[in-house]
Amino acid sequence: MDADTLKQKLAALPSAAVQELDHARRGFSLDVSLPPAQLVAAVTILDEAGYFIETITGVDWLGENAARIKEAQAAAAAKKAAAAKKAAEARKAAEEAGEPLPEEAAPEVEEEAPAPEPAVDDLEAIYDFNRYDRCHRVTLRTRAPRDKPSVPSIVHIYQAAHWHERETHDFFGIKFEGHGYLVPLLLPEDADYHPLRKDYSA
Amino acid sequence: MTIDSELLRLLLYVVGFIAFIATNAAYLVWLERKEAGHIQCRIGPKEVGPFGLLQPVADGLKLMTKQLIIPKGADSFLFRLGPVLVMTPAVMCFVTIPYSDTIVARNLDVGLLAIFAFASVNVLGLLLGAWGSRNKYAVISAARVVSQNVAYEIPMLIVIVTMVMVTGTMNLHEVVTSQNGGFWHWNIFRFSASPLMPVAFLIYFVCMLAETNRAPFDMAEAESELVAGAFTEYPGMGFGVFFMGEYANIVVGTSMATILFLGGWNCPFGLWPGLHWFLIKMYALIFTVIWIRWTFPRTTFYSLLNLSWKVLIPVAFANLILTSALLKVL
Amino acid sequence: MKAYIRDIVNGTWSLLVGMAITIRYFFGPVVTLQYPHQTVPMKPRFRGHIDLVLDERKGTNKCIVCNACMKTCPSGCITLEGEKREGVKQKVLTYYQLDFTKCSLCGLCVEVCPTAALDFSKDYNLVGSQESEFVFDLLKRLEERKQ
Amino acid sequence: MTAIAQSASSETFVLNLGPQHPATHGVLRVKLVMDGEYIVEAEPVLGYIHRMHEKMGENRTWAQFLPNTGRMDYLHALAYNHNYVCLVERAASIEVPERAEYIRVITNELNRISSHLLWFGAFVLDLGGFSPLLYAFDDREQILDLLESVTGSRLTYCYFRFGGVYNDVDQDFLDGCKAFVARLRERMPMYHNLVTKNIILMKRLQDIGFIDAEMCRKYGATGPVARGAGIDFDVRRHEPYSVYPRFDFDIPVYPGCDSMARYMVRMDEMEQSMRIIEQAVGAIPEGPVMAAKAPKIIKPPKGDYYHAVETARGSFGIRAVSDGTNTPYRMKLRTPSFSNLVTFGEAAKGMLLPDALALMGSLDLVIPEIDR
């Protein structure tokens with residue numbers, strides 16, 4: 001099972017975006033982002049291909065949507081300002097030429113969309129797999145909304161995930177369905193807080 | 001009322017032996033730490049007194065000043081009985097050991113039998129102490145001590161039976177007098193009785209190590225597994241008495257080896273036999289016991305039992321049969 | 001049966017070899033250093049806690065109170081104050097406190113200092129009964145060292 | 001598996017191995033369900049030395065996180081420095097001069113030998129032998145003096161910087177390395193005669209703690225634990241970084257899958273590290289030690305980066321997510337002992353207590369690296 005057959009198999013998964021990357025630049029060769037539903041399928045493909053699991057990383061993308069919307073607005077505002085500047089020059093040029101002011105096209109004020117209520121940000125779980133015989137690191141990314149983050153567990157495929165998932169649950173609160181023993185691993189037994197979330201304040 | 005001179009002599013001997021055991025236990029600790037130090041390219045105790053000679057005294061005082069805490073829920077009677085039961089048989093064994101021609105407390109005709117009868121009681125002491133201290137680690141080590149001592153009692157006694165057959169008597173004084181003269185008369189080199197005599201000495205030495213829970217067989221008090229084994233819960237003098245019992249057992253074991261195999265108080269060249277030769281041989285053997293402890297890792301439990309049942313006992317039996325055959329023929 | 005005998009013989013031989021090695025070390029030289037009586041000569045690059053460097057020309061420290069070390073310290077254990085005195089171009093250091101209980105000796109402060117005013121000291125056996133004894137006032141230490 | 005797992009009779013009892021226990025080398029607690037002396041079930045409990053390095057990574061700048069790396073695995077701190085520094089150099093694409101790369105490799109391999117020596121001493125101490133520990137520490141002291149003369153610290157180093165090293169090495173450090181390698185090479189036969197060939201130790205380690213290739217793959221075990229199961233995986237050869245491809249050294253692999261195989265792998269690795277040091281000291285070029293244009297404020301472009309390094313215990317990887325500012329957005333630390341320890345729960349079933357400790361010693365665990 002060399003790299004590209006694996007790539008095709010993973011790409012074949014519904015709504016999976018596979019991206020080939022330069023290992024020297026980023027440190028991993030294949031970047032696959034897929035919805036939580038396809039996770040178990042992708043992991044079984046990798047398990048059959050003889051990969052071992054390196055780690056599960058949680059990332060909290062709080063404020064990402066808000067940032068994207070702000071960017072969109074900033075881009076729109078920049079575009080509007082550019083349009084207004086162009087219109088002003090056109091008017092000035094028209095005055096010099098003495099012609100009657102061309103009936104300005106009503107500056108298309110694109111109807112200012114009321115700032116769309118920002119979609120809930122998501123928690124991302126990054127799975128790293130690697131091979132023993134040659135260096136080919138595959139990264140699986142799944143995202144789950146922050147308010148009810150649930151990702152299927154892969155404990156039955158890779159037993160190592162037992163601890164990785166417990167740790168990610170400790171720090172981010174991502175519920176791994178089918179894990180069965182999500183007791184805090186590194187935090188005290190009765191810990192109900194998730195320290196690595198961006199909105200966590202000690 | 002008049003005190004019978006014999007009774008007075010015995011009383012003096014008992015007091016002498018207890019003093020000997022106490023100072024011996026203290027200074028064997030010093031010898032062990034010094035020797036371990038030099039084996040490991042360091043010095044060992046040096047600060048307290050010249051060459052650290054007052055270190056054992058300091059340790060003894062420290063042990064005595066500690067408060068004897070009995071763990072909650074422990075069986076306090078058994079807890080207190082443990083150290084006593086380890087110490088008294090060790091002292092009793094000294095009664096019949098002939099240190100030199102004249103220095104012997106009570107020369108029984110069945111001296112050898114008495115010593116080994118008492119030597120097997122200290123297992124009971126360790127078991128009671130460990131069980132009484134209501135500690136999981138102690139219970140595990142108690143189970144180990146019992147099966148280890150049982151496994152090593154048998155080859156030791158077979159070798160003892162061979163030696164009794166060779167010397168014909170159990171009276172220790174006669175055992176030593178039968179080895180008078182130069183070292184070629186000693187039992188270890190008595191090839192006329194059986195060519196396997198040095199092997200018998202080796203078996204006896206290994207069994208003595210296992211009997212006193214020392215060196216590669218210190219399963220009972222395995223630091224890295226059972227923290228301190230049978231005497232985990234014993235603070236202060238409780239631990240001190242266990243320690244004295246252990247070192248007394250080593251002294252008994254090595255002195256028995258000297259008597260049975262190395263010709264007691266005889267001089268290797270047959271010139272001036274006496275107490276000093278006995279002590280030199282005994283302390284040489286103790287030096288080896290300590291030397292073995294600081295060289296070898298610990299065996300596991302089942303390989304310890306394998307060694308006894310599959311190696312020591314067959315060879316001891318072979319030696320027994322060979323000796324009896326040779327004695328019959330010659 | 002032959003393997004059984006060979007196992008015993010090899011086993012005892014390996015034990016004897018082991019004992020021969022340890023007895024050779026028993027008579028061998030002692031390698032350790034008796035600490036309170038003999039001390040270890042400290043190497044020039046040994047990293048003790050940081051100290052202010054004495055500037056022979058000015059006779060005081062070289063610090064210009066730019067706060068670079070305070071900002072770069074990962075555990076925030078440096079607090080310093082300076083004041084502007086007229087007639088002197090740079091600010092003058094009045095108070096430099098190092099909280100050595102939190103310092104990880106990473107050397108970022110020594111490296112980032114523009115005037116090389118900080119350096120590692122060479123004392124390692126620091127002892128104290130409370131934490132507050134490890135909060136050094138480096139300016140005072142510099143004065144003491146000057147005497 | 002010599003120890004037969006008895007059917008768990010009714011009266012099993014729970015024994016807590018640790019967190020204060022001489023054989024766990026740190027504050028690891030293993031909840032053992034015991035039936036007599038056989039282990040029915042072993043579950044390691046973590047968190048006793050958890051300092052949350054990953055949260056510290058998020059509120060410190062890239063340069064300020066450097067001292068933390070030395071505190072995770074203090075036995076091989078330079079490899080952790082090396083990995084973090086290489087990660088940031090990969091993210092911010094900083095060039096490192098040749099001499100600095102050689103110095104990094106030399107100090108890294110010295111630190112690996114000192115970590116293996118400490119493991120060797122502590123492992124034989126777990127099995128009951130005292131003297132080899134002192135001999136191993138005698139050799140290790142030479143390395144600590146060597147590294148102290150260059151880096152200034154003895155255990156938790158903070159010597160590497162982005163784009164080079166803190167300060168240069170001088171000639172008597174290089175001569176010191178040559179003298180040390182000669183001295184240790186002459187001492188290795190003594191270690192093998194005293195410990196490896198000893199019949200008691202062989203009986204203690206052979207066929208104990210069976211971790212085979214498939215279990216390694218399922219648990220993600222790397223380093224000597226995987227190489228002891230016949231897997232030829234070493235990040236220095238497998239995912240080359242720094243100037244390692246220039247040296248020829250081989251990867252010791254033992255197919256034994258038991259504690260003896262893992263023990264032999266580490267003993268041979270010391271020999272290989274000595275070979276690397278000799279070649280590196282011989283071929284170290286002259287030149288600057290710090291990159292000319294190493295930026296003062298590190299601001300790696302947005303995105304996530306991964307870099308792995310071979311430490312004494314396995315492949316240590318950092319996955320850092322950068323959002324373009326000078327503090328990392330997320331710093332994930334993939335430590336080898338975390339995955340190696342998971343195999344203990346599986347491999348210790350049905351074993352005797354002393355064998356389980358032999359197995360734990362052969363995994364060479366460093367608990368602060370597991371808890372982070």
Side-chain angles (χ1 to χ4, degrees), chain A residues 21 23-29 31 47 50-64 67 124 126 128-137 139 141 155 157-164 166-168 170-172 181 183-189 191 195-198 200 202, chain D residues 43-52 54-55 57-58 86-87 90-91 93 213 215-222 226 231-233 235 237-241 303-308 315 317-321 323 329-336 338-343 345-346 370-372:
Chain A
L21 292 167
H23 178 273
R25 180 77 197 85
R26 296 286 296 279
F28 44 94
S29 323
D31 184 352
D47 183 26
Y51 279 72
F52 71 94
I53 182 165
E54 272 192 328
T55 183
I56 300 178
T57 317
V59 184
D60 175 9
W61 295 104
L62 181 69
E64 186 192 34
E124 183 179 33
I126 306 175
D128 282 319
F129 293 89
N130 199 347
R131 293 187 63 80
Y132 279 130
D133 41 19
R134 51 181 168 69
C135 170
H136 184 253
R137 182 164 289 113
T139 311
R141 296 172 192 277
V155 166
I157 307 170
Y158 282 101
Q159 285 76 15
H162 187 274
W163 274 16
H164 291 301
R166 271 175 72 186
E167 185 200 344
T168 315
D170 279 2
F171 294 155
F172 290 91
Y181 189 66
V183 169
L185 179 71
L186 294 173
L187 297 180
E189 282 77 17
L196 273 183
R197 284 203 177 182
K198 289 297 176 185
Y200 168 80
Chain D
E43 194 225 343
V45 177
L46 307 178
Y48 288 91
I49 188 167
H50 172 56
R51 295 147 298 174
M52 202 70 217
E54 292 174 1
K55 186 77 177 178
E58 283 171 15
C86 282
L87 173 92
R90 166 179 279 174
S93 53
M215 188 193 278
C216 278
R217 191 178 73 79
K218 286 289 180 185
Y219 284 95
T222 55
I231 303 173
D232 178 4
F233 173 73
V235 181
R237 176 62 48 82
H238 181 274
E239 198 180 334
Y241 56 95
D304 59 351
Y305 305 88
Y306 191 98
H307 192 279
S315 114
I318 300 184
R319 172 175 285 280
V321 178
D323 58 358
Y329 187 76
R330 166 79 167 109
M331 176 82 69
K332 169 68 187 178
L333 308 160
R334 189 267 176 196
T335 52
F338 187 81
S339 309
N340 295 349
L341 178 61
V342 188
T343 58
E346 174 81 25
I370 297 172
D371 286 354
R372 289 184 302 272

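Throughout, a chain's letter reflects where its sequence line sits, starting with A, and its residues are numbered from 1.
Taking 4.5 Å as the limit, every side-chain heavy atom of Asp323(D) sits out of range of all side-chain heavy atoms of Trp61(A). Residues Trp163(A) and Leu341(D) form a side-chain contact, since some pair of their non-hydrogen atoms from C-beta on lies under 4.5 Å apart.
Side-chain N or O atoms of Arg330(D) include none that pairs as donor or acceptor with a backbone N or O of Asp60(A) at under 3.5 Å. When atom types are taken as modelled, the side chain of His238(D) and the backbone of Arg131(A) share a donor-acceptor pair closer than 3.5 angstrom. Put simply, the side chain of His307(D) never gets that close to the backbone of Gly27(A): no donor and acceptor are under 3.5 Å apart. Arg26(A) places no side-chain N or O within donor-acceptor distance of the main-chain N or O of Tyr306(D), the cut-off being under 3.5 Å. Without hydrogens or angle criteria, Lys218(D) side chain to Ile157(A) main chain gives a donor-acceptor distance under 3.5 Å.
Between Pro195(A) and Lys55(D) the shortest heavy-atom distance is O-NZ, 3.0 Å. A pairwise comparison of heavy atoms in Arg334(D) and Ile53(A) identifies NH2-O, 4.4 Å as the closest pair.
Contacts of Phe171(A) with chain D are made by side-chain atoms alone, with heavy-atom separations under 4.5 Å and no backbone atom involved. With a 4.5 Å cut-off on non-hydrogen atoms, Phe338(D) touches chain A through its backbone and its side chain both. Neither the backbone nor the side chain of Leu21(A) has a heavy atom closer than 4.5 Å to any heavy atom of chain D. Both the backbone and the side chain of His164(A) come within contact range of chain D, with heavy atoms under 4.5 Å apart. At a 4.5 Å heavy-atom cutoff, Glu346(D) makes no contact with chain A through either its backbone or its side chain. With a threshold of 4.5 angstrom between heavy atoms, Asn130(A) approaches chain D through side-chain atoms but not through N, CA, C or O. Both the backbone and the side chain of Tyr329(D) come within contact range of chain A, each with at least one heavy atom under 4.5 Å from a heavy atom of that chain. For Arg197(A), the part lying near chain D is the backbone, with the side chain staying farther off; criterion is any non-hydrogen pair under 4.5 Å. For Ala161(A), no part lies under 4.5 angstrom from a heavy atom of chain D. Interface residue Asp232(D): only backbone heavy atoms are found under 4.5 Å from chain A. Neither the backbone nor the side chain of Met215(D) comes within contact range of chain A; no heavy atom of the residue lies under 4.5 Å from a heavy atom of that chain. Proximity to chain A (any heavy atom under 4.5 Å) is restricted, for Ile231(D), to the side chain, taken from C-beta onward. Only the side chain of Arg137(A) comes within contact range of chain D, judged by heavy atoms closer than 4.5 Å.
Using a 4.0 Å cut-off between charged side-chain N and carboxylate O, Asp128(A) and Arg319(D) make a salt bridge. Taking a cutoff of 4.0 Å between a charged side-chain nitrogen and a carboxylate oxygen, Arg217(D) and Asp47(A) qualify as a salt bridge. Note on Lys332(D) versus Glu167(A): salt bridge recorded, some NZ/NE/NH1/NH2 to OD/OE distance being below 4.0 Å.
In this pair, Phe233(D) and Tyr132(A) present their aromatic rings perpendicular. The plane angle is above 60°, beyond the 30 to 60° band.
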Residues Thr222(D), Phe52(A); criterion side chain to side chain contact (heavy atoms under 4.5 Å, CB included); working and verdict: CA-CA 10 Å; Thr222(D) 55; Phe52(A) 71 94; 3.8 Å; yes
